[in-house]
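Beneath this line is the structure, given in structure tokens, with notes to follow.
Below, all heavy atoms of this structure are taken into account, side chains as well, without hydrogens, waters or symmetry copies.
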Amino acid sequence: MVTLPLPQLPDEIADLQALALDLRWTWSHSADVLWASVDERLWERTHNPWTVLQSASPDRLKALAAKREFREKLAGFVAEREHYLQTPGWFRGTAGASKLGGVAYLSMEFGLGAALPLYAGGLGILAGDFLKTASDLDVPIIGVGLLYRKVISGSSSTQRAQQEFYPTTNRPRCRSAPSSFRKAVGCASQSSCPDARCSFAYGRPR
């Protein structure tokens, strides 16, 4: 979840921010090795690139920027992302593609991945799969949903009852979020942004 601004990234590895904000990491795991090399222990706990970057110390970031192997690895994943974004998908070649400006997909929950607790069950997973498939097919779809204060993370059952667990999540404070996030939720500027806003948007950039 976007809760705090990123530390200042050295220019040599500034592309980490774009990779962390691209939610394709919820279903494409080729770059997992990159995030694990930033902080292996935290990555294993969270599987959330944004959290990993938020928690990285300035000294650690400088050390990574000085490593040629890490910079080359980062450049490779950046090139892979650009190839994905620039390569036309199936939908763009269909007869009706030019007539469709975009699709708004409203859902109460989107199960994109365990690192983003925006869902509670199977219907959320299904909605998340729709978004992932639409992205791979190059369908211009934007998902709009709710960011819940509490979500179901699990349950336990006995012969008499079922108990569910609702952990509290960290809601994003838009004033400290990057401009791309504020734009996604409709905040015109930091000064006019209401922190109580609870919507989010997701879609493949076009």
Side-chain angles (χ1 to χ4, degrees), residues 1-89 110-119 124-125 128-139 141-143 147 153 169-170 172-174 176-185 200-206:
M1 308 299 258
V2 180
T3 55
L4 296 170
L6 284 181
Q8 183 65 41
L9 296 174
D11 292 340
E12 297 86 348
I13 59 174
D15 286 330
L16 285 172
Q17 177 170 335
L19 290 181
L21 288 173
D22 186 339
L23 294 182
R24 196 164 68 100
W25 55 259
T26 61
W27 77 94
S28 176
H29 298 284
S30 60
D32 286 5
V33 62
L34 180 72
W35 303 114
S37 63
V38 177
D39 188 330
E40 184 175 5
R41 181 176 297 181
L42 185 58
W43 173 252
E44 288 301 320
R45 285 177 53 198
T46 66
H47 289 281
N48 188 321
W50 191 265
T51 300
V52 170
L53 286 184
Q54 283 181 331
S55 304
S57 68
D59 289 341
R60 177 57 178 163
L61 294 174
K62 290 180 181 179
L64 291 172
K67 289 185 177 181
R68 178 179 178 182
E69 180 182 0
F70 184 84
R71 295 197 308 269
E72 291 178 346
K73 189 181 300 183
L74 172 59
F77 289 120
V78 170
E80 177 186 330
R81 176 176 181 265
E82 286 302 315
H83 176 74
Y84 174 82
L85 294 177
Q86 298 301 324
T87 302
F110 288 102
L112 298 171
L116 300 173
L118 306 170
Y119 64 100
I125 296 295
D129 287 345
F130 273 130
L131 290 186
K132 296 171 185 178
T133 302
S135 180
D136 286 343
L137 294 178
D138 204 4
V139 179
I141 188 172
I142 296 178
L147 180 57
S153 69
T169 61
N170 293 322
R173 297 186 64 82
C174 295
S176 61
S179 59
S180 56
F181 179 84
R182 296 196 307 273
K183 181 179 180 181
V185 299
F200 74 95
Y202 172 86
R204 177 171 175 169
R206 297 187 64 79

Let me check something: any side-chain donor-acceptor pairs from residues 69-78 under 3.5 Å, sequence neighbours excluded? List them with distances.
| residue | atom | partner | partner atom | Å |
| --- | --- | --- | --- | --- |
| Arg71 | NH1 | Ala65 | O | 2.9 |
| Arg71 | NH1 | Ala66 | O | 3.4 |
| Glu72 | OE2 | Arg68 | NE | 2.9 |

- request: Step by step, work out the side-chain contact (heavy atoms from CB on, under 4.5 Å) result for Leu131 and Leu23.
  value: CA-CA 10 Å; Leu131 290 186; Leu23 294 182; over 6 Å; no
task: For the pair Trp35 and Glu40, evaluate side-chain contact (heavy atoms from CB on, under 4.5 Å) and give the outcome as yes or no after the intermediate values.
output: CA-CA 7 Å; Trp35 303 114; Glu40 184 175 5; over 6 Å; no
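Contact between Thr26 and Leu112 at its shortest, heavy atoms only, is CB-O, 3.2 Å. The shortest non-hydrogen separation linking Arg81 to Arg24 is CA-NH2, 4.0 Å. Heavy atoms only, all atoms of each residue included: Gly128 and Phe110 are closest at N-CD2, 4.3 Å. Summarising the geometry of Glu80 relative to Ser30, their closest heavy-atom pair is OE2-OG, 3.0 Å, with the distance given to 0.1 Å. In plain terms, the two heavy atoms of Ala56 and Leu61 that are nearest each other are CB-CD2, 3.8 Å. Minimum interatomic distance between Leu64 and Ser37 (heavy atoms only, all atoms of both residues): CD2-O, 4.0 Å.
Here the CH2 atom belonging to Trp50 is positioned 11.0 Å from the CG atom belonging to Leu16, to the nearest 0.5 angstrom. With rounding to the nearest 0.5 Å, the separation of NZ in Lys132 from CG in Leu137 is 14.0 Å. To the nearest 0.5 Å, atoms CG (Leu42) and NE2 (His47) are separated by 10.0 Å. A distance of 9.0 Å separates OG1 in Thr133 from CH2 in Trp27, rounded to the nearest 0.5 Å. One distance of note links CZ of Arg60 with CG of Leu53; it measures 11.5 Å at 0.5 Å rounding. In this structure, the separation between CD on Gln54 and CG on Asn48 is 8.0 Å, given to the nearest 0.5 Å.
Two residues are said to be in side-chain contact when any heavy atoms from C-beta on lie closer than 4.5 Å; Thr51 and Trp43 fail this criterion.
Between His29 and Trp25, the distance separating the two ring centers is not shorter than 6.0 angstrom.
In terms of the side-chain contact (heavy atoms from CB on, under 4.5 Å) criterion, residue partners of Arg41 (sequence neighbours excluded) are, by chain and number, Asp39.
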